Amino acid sequence: MTAETNKCSDELFELTRLPSDSSAIAIDFQRYLTRHLGRFIGCIPLYQYEALSLVIRDRIMMDWRDTWRRYDEPGVRKAYYLSLEFLIGRSLGNHLLNLGLDHSTEEAMNRFALNLEEIVSEEVDAGLGNGGLGRLAACFMDSCACMQLPVIGYGIRYQYGMFRQRIENGFQVEEPDHWLRDGYPWELERPEYKCVIRFGGRISSIEEGYGKSRPVWVDTSDVLAIPYDVPISGYRNHTINTLRLWSASATSDFDLDDFNAGSYSEAVEAKNNAEHITMVLYPNDVSENGRELRLKQQYFLASASLQDVLRMWENTEGPDYSQFKSRNVFHLNDTHPTIAVAELMRLLIDEKGLAWEEAWDITSHCMAYTNHTLLPEALEKWTVGLFEKLLPRLLQIIYEINAHFLKQVAMRWPGQVDRQSRMSIIEEGDVKQIRMAYLAIVGSFSINGVAALHSRLLTSGLFRDFYELWPEKFNNKTNGVTPRRWVAYANPGLRALITDKIGDDWVQDYSKIAAIREYVEDTEFIQRWYEVKQANKQRLSEMVENTCGVKFDTTALFDVQVKRIHEYKRQLLNVLHVIHLYDRIKRGDSADWTKRCILIGGKAAPGYKLAKKIVKLINNVAEVINSDPQVNENIKLAFIPNYGVSKMEVICPGTDLSEQISTAGKEASGTGNMKFMMNGAITIGTYDGANIEIMDALGSGNYFLFGLHAEEVEAARAHYNPGLLVEEDEDLQRAMHLLQCGHFNTFEPAIFDDVIQALLNPNDPWLTLADFRSYVDAQERVSRAYLDRTHWVQMSIMNTACSGPFSTDRTISEYNAGIWNLQAKPVIERS
Ligand code: 26Q
């Protein structure tokens with residue numbers, strides 16, 4: 001076709017823009033169901049979900065193309081969010097809200113006597129992440145689309161996402177999450193943009209004349225990277241951004257030589273090995289550190305994404321790289337994709353022929369790094385040996401980056417050899433290791449933490465030397481969550497109530513939420529707020545009953561802690577409080593009792609033994625409490641299995657009390673805390689991560705603070721004596737006694753010994769018992785506060801009203817103003 005006919009057919013096509021009234025949706029739905037899928041209205045809901053997704057996808061496609069076209073115009077500066085994790089959850093319901101098709105679609109489904117909510121919940125979560133870091137990437141993508149920023153997400157299309165958690169006899173059992181099994185209607189394969197990723201081999205050299213030579217990487221084993229695009233819709237603005245996920249595939253389906261020589265199985269094995277790279281998401285556990293396949297994943301993502309960006313660059317700008325650094329920024333989500341620093345150098349030097357200095361000038365002006373952890377043991381390191389074997393050319397480049405860098409250190413601090421070895425990207429020792437965080441810092445123009453306290457602790461602790469060298473590179477960007485998914489979508493009752501009072505602008509300009517403060521004394525508003533919360537508690541209690549078989553009474557206080565299971569997050573402190581309440585009831589101390597339903601959920605990394613034991617303890621304590629008629633009128637405890645994004649969509653709207661009880665100085669930010677706050681839960685929390693900013697935003701009185709502060713935690717370590725704490729606190733003594741005498745493991749002797757030991761260890765890094773008294777006292781204040789319903793509801797309203805700063809729209813504005821410097825590129829609305 002000529003350009004002219006191309007244009008002409010495009011224009012004709014524009015005229016056929018799809019209508020989105022309920023009849024049109026109903027007709028398309030029936031057509032997809034019957035003519036495409038070969039099913040009928042009465043089929044199983046999975047096919048109804050599939051058909052409806054295709055209907056909605058059709059209505060995304062043109063805007064998606066137009067958004068790409070807009071971003072592809074010459075001169076548009078773009079950002080690329082490189083992340084090993086994107087925990088996007090379900091898409092259908094979210095698109096319906098964003099595109100404004102929720103009402104017409106509901107009406108369309110009603111015509112067939114189908115229930116939209118049921119169809120929407122047929123979708124499996126895209127669980128391509130562990131927890132906070134992966135979900136943050138997904139919330140960021142949402143805000144970027146809402147703000148019409150040219151940002152492309154780059155990630156991995158894992159065949160198996162986060163494992164599915166089942167509870168068997170109280171123990172966690174992991175099952176593979178084959179989320180793609182029934183097909184995924186939200187991805188679009190783009191084999192035309194495939195690229196080759198190289199591993200192994202050796203370095204040879206090519207003579208260039210005049211006695212000069214340059215290294216070449218040869219004899220490599222190659223793998224193909226195939227991109228799959230997932231649309232990310234903006235809120236009612238016609239912008240559809242892209243999440244590009246890479247899938248590994250063998251370079252040719254069968255190696256013909258092997259095949260013809262009769263080595264069928266060897267040929268298949270090569271194919272399998274290649275495809276293993278994107279088979280499974282790694283859990284965030286120190287026991288998984290150093291795995292070869294994980295390094296392959298990281299390089300695979302970095303190389304494919306960079307090659308893709310360079311391809312797009314040359315498409316619009318040609319082979320001249322002089323403007324590249326002013327038009328492109330790569331954001332590294334933690335150190336996981338940090339090999340991109342060395343890979344961009346390699347591509348620019350080896351493939352594009354740039355000189356070292358030119359390539360470094362580009363690279364170090366294009367990379368930005370976010371750190372997400374303060375735990376030193378979680379900092380990524382790779383052995384030099386592994387790099388030598390897998391990525392020999394990258395190793396050479398890292399050594400050279402380090403040599404240049406150490407020269408700078410020596411110039412700044414002449415003679416301080418100590419400091420040079422402290423700051424070196426290569427850690428010397430028996431096993432030489434590459435410190436990925438240092439490579440990220442050296443290669444980036446911006447380094448940020450994810451909450452004010454966390455960023456401060458980074459520059460005064462882990463990264464202090466680097467801060468002294470380059471103070472201007474360091475900054476803070478406090479996390480957020482998207483109010484579209486976490487309020488407007490997850491809490492339609494609250495959405496309606498808020499909109500009724502202040503209009504619906506708050507959904508896209510969440511700073512406007514502050515306007516509901518005006519109604520905090522309004523009795524009618526207070527009553528309606530209460531009713532919405534009760535309805536949400538009803539929905540949550542139905543989910544709890546269906547999944548755990550435990551009945552939650554909606555008049556009780558709903559006390560919730562959901563997050564990954566980790567000692568620093570201190571689920572154990574929560575359990576100790578529950579045991580304390582149990583003990584009080586058993587000894588008759590239950591006058592003026594505030595009924596509580598405690599819900600705990602979260603996955604333990606499969607290799608983290610103690611975390612799995614904590615899951616078992618929660619379940620055993622729950623069993624004892626829930627089956628004791630003397631107790632279960634006053635407290636209930638349930639462990640919700642397989643906690644994830646779509647569970648949280650039901651949990652956070654129905655929560656009264658949000659547990660954010662990490663050891664101060666250990667939780668980088670937390671983001672669950674923000675989801676709960678937006679939905680009007682009140683926090684009981686330590687002075688840690690973003691809790692501090694949440695508290696500041698609220699003003700005093702609407703938050704239950706307890707526990708040691710970060711500096712106090714560090715000071716307390718020297719003389720921490722858990723034995724003495726137990727001795728001196730009768731409540732703690734009784735709770736520990738119940739644990740130690742086997743009250744919760746009558747037929748399973750000694751199974752909690754390791755948990756008890758961890759609590760009583762004077763070197764317990766998490767100082768759990770140090771905060772027991774303070775926590776129990778704060779919980780007592782909570783119980784009393786809940787008895788005054790009006791006041792409690794007012795605190796709830798204040799939490800939502802003050803949650804404006806915790807929208808990722810605010811976070812992303814700050815990333816954009818301070819790091820990315822992108823211009824919004826609105827998609828011109830077509831008639
Ligand atoms: C590392 C090496 C090998 C295998 C896995 C990993 C790995 C994977 C995921 C290490 C860490 C993670 C995830 C970390 C994470 O989710 N951190 C959380 O990030 C949130 C967003 O910034 C913060 O709010 C939380 O405080 C932080 O714990």
Side-chain angles (χ1 to χ4, degrees), residues 81 83-87 127-140 155-156 158 161-163 280-298 301 331-339 369-382 386 433-437 440 448-455 457-458 476-482 562-570 602-603 605-608 644-645 660-676 685-686 688-694 806 808 811 815:
Y81 199 77
S83 177
L84 271 282
E85 310 193 1
F86 285 91
L87 232 180
L128 308 183
N130 272 282
L133 167 150
R135 182 56 229 176
L136 184 74
C139 284
F140 277 10
I156 290 182
Y158 302 103
M162 194 63 202
F163 67 86
V280 58
L281 164 78
Y282 273 88
N284 62 339
D285 184 41
V286 279
S287 71
E288 297 292 347
N289 280 342
R291 299 289 169 94
E292 178 171 331
L293 195 60
R294 169 79 177 177
L295 181 60
K296 281 187 162 179
Q297 291 183 337
Q298 297 185 346
L301 168 66
H331 206 100
L332 308 174
N333 197 21
D334 216 302
T335 51
H336 313 156
T338 291
I339 188 62
Y369 157 56
T370 299
N371 170 284
H372 296 264
T373 185
L374 280 158
L375 309 184
E377 67 270 27
L379 290 183
E380 269 193 304
K381 290 176 191 171
W382 294 104
L386 186 57
Q433 294 199 297
I434 304 173
R435 298 157 160 161
M436 298 309 274
N448 73 281
V450 290
L453 171 71
H454 170 230
S455 297
L457 292 174
L458 283 180
N476 171 249
K477 298 285 171 281
T478 299
N479 284 166
V481 302
T482 169
V562 282
K563 49 183 80 234
R564 291 302 294 269
I565 309 291
H566 200 292
E567 289 164 277
Y568 86 79
K569 295 178 187 284
R570 297 201 296 194
K603 294 175 186 176
Y608 189 173
V645 174
Q660 306 300 335
I661 61 179
S662 53
T663 311
K666 298 300 170 194
E667 188 70 272
S669 162
T671 45
N673 47 5
M674 302 169 184
K675 293 162 203 164
F676 284 117
T686 47
D688 197 16
N691 293 354
I692 299 172
E693 288 151 84
I694 286 178
F806 303 101
T808 32
T811 312
Y815 273 86

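The structure displayed is predicted, hence computed values, not measured ones. Whatever order the structure lists them in is the order used to number ligands and atoms, beginning at 1.
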Heavy-atom gap His454 to ligand 1 smaller than 4.0 Å: no
_Thr373 near ligand 1 by a heavy-atom separation under 4.0 Å_ = no
Pull out every atom of ligand 1 sitting under 4.0 Å from any heavy atom of [X], numbered as shown with elements.
X: Gly132; result: 16 (O), 19 (O), 20 (C), 21 (C)
X: Asn130; result: 8 (C), 9 (C)
X: Ala668; result: 26 (O)

Using a 4.0 Å heavy-atom threshold (strictly under), name the region of [X] that reaches ligand 1: side chain, backbone, both or neither.
X: Arg294; result: side chain
X: Glu85; result: side chain
X: Pro283; result: backbone
X: Asn479; result: side chain
X: Val450; result: side chain
X: Leu133; result: both

As an exercise, state the distance from OG of Ser662 to NZ of Lys563, rounded to the nearest 0.5 Å.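 Going from OG on Ser662 over to NZ on Lys563, the span is 6.5 Å.
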Side chains of [X] and [Y]: is there a donor and an acceptor less than 3.5 Å apart?
X: Tyr815; Y: Asn448; value: yes
X: Gln660; Y: Glu667; value: no
X: Asp688; Y: His454; value: no
X: Thr671; Y: Asn673; value: no
X: Tyr369; Y: Asn371; value: yes

Hey, is ligand 1 close enough to [X] that some N/O pair sits below 3.5 Å?
X: Glu667; value: yes
X: His372; value: yes
X: Ser669; value: yes
X: Tyr568; value: yes

Quiz prompt | Residue and atom name of the nearest protein heavy atom (relative to atom 2 (C) of ligand 1), distance in Å to one decimal | solution =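 That would be Asn289 OD1, 3.2 Å.
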among protein heavy atoms, the one nearest atom 24 (O) of ligand 1 is Gly670 N, 2.8 Å
Does Ala451 offer a backbone N or O that forms a donor-acceptor pair with the side chain of Thr478 under 3.5 Å?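 No; zero donor-acceptor contacts below 3.5 Å.
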(Q) Tell me whether Thr373 contacts the main-chain N or O of Leu375 through its side chain, where contact means a donor paired with an acceptor under 3.5 Å. (A) yes
Between Met162 and Leu281 the two heavy atoms that sit nearest each other are N-CD2, 3.6 Å
* Apply the test side chain to side chain contact (heavy atoms under 4.5 Å, CB included) to residues Val562 and Phe676: give CA-CA distance (whole Å), side-chain angles for both, the deciding distance (0.1 Å), then the verdict. => CA-CA 10 Å; Val562 282; Phe676 284 117; 3.7 Å; yes
task = Evaluate side chain to side chain donor-acceptor pair (under 3.5 Å) for Glu380 paired with Asn289, printing each intermediate quantity in order.
result = CA-CA 7 Å; Glu380 269 193 304; Asn289 280 342; over 6 Å; no
- Selected option - heavy-atom contact closest to atom 13 (C) of ligand 1, from Leu375, Leu295, Asn284: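 Ranked by closest heavy atom to atom 13 (C) of ligand 1, first place is Asn284.
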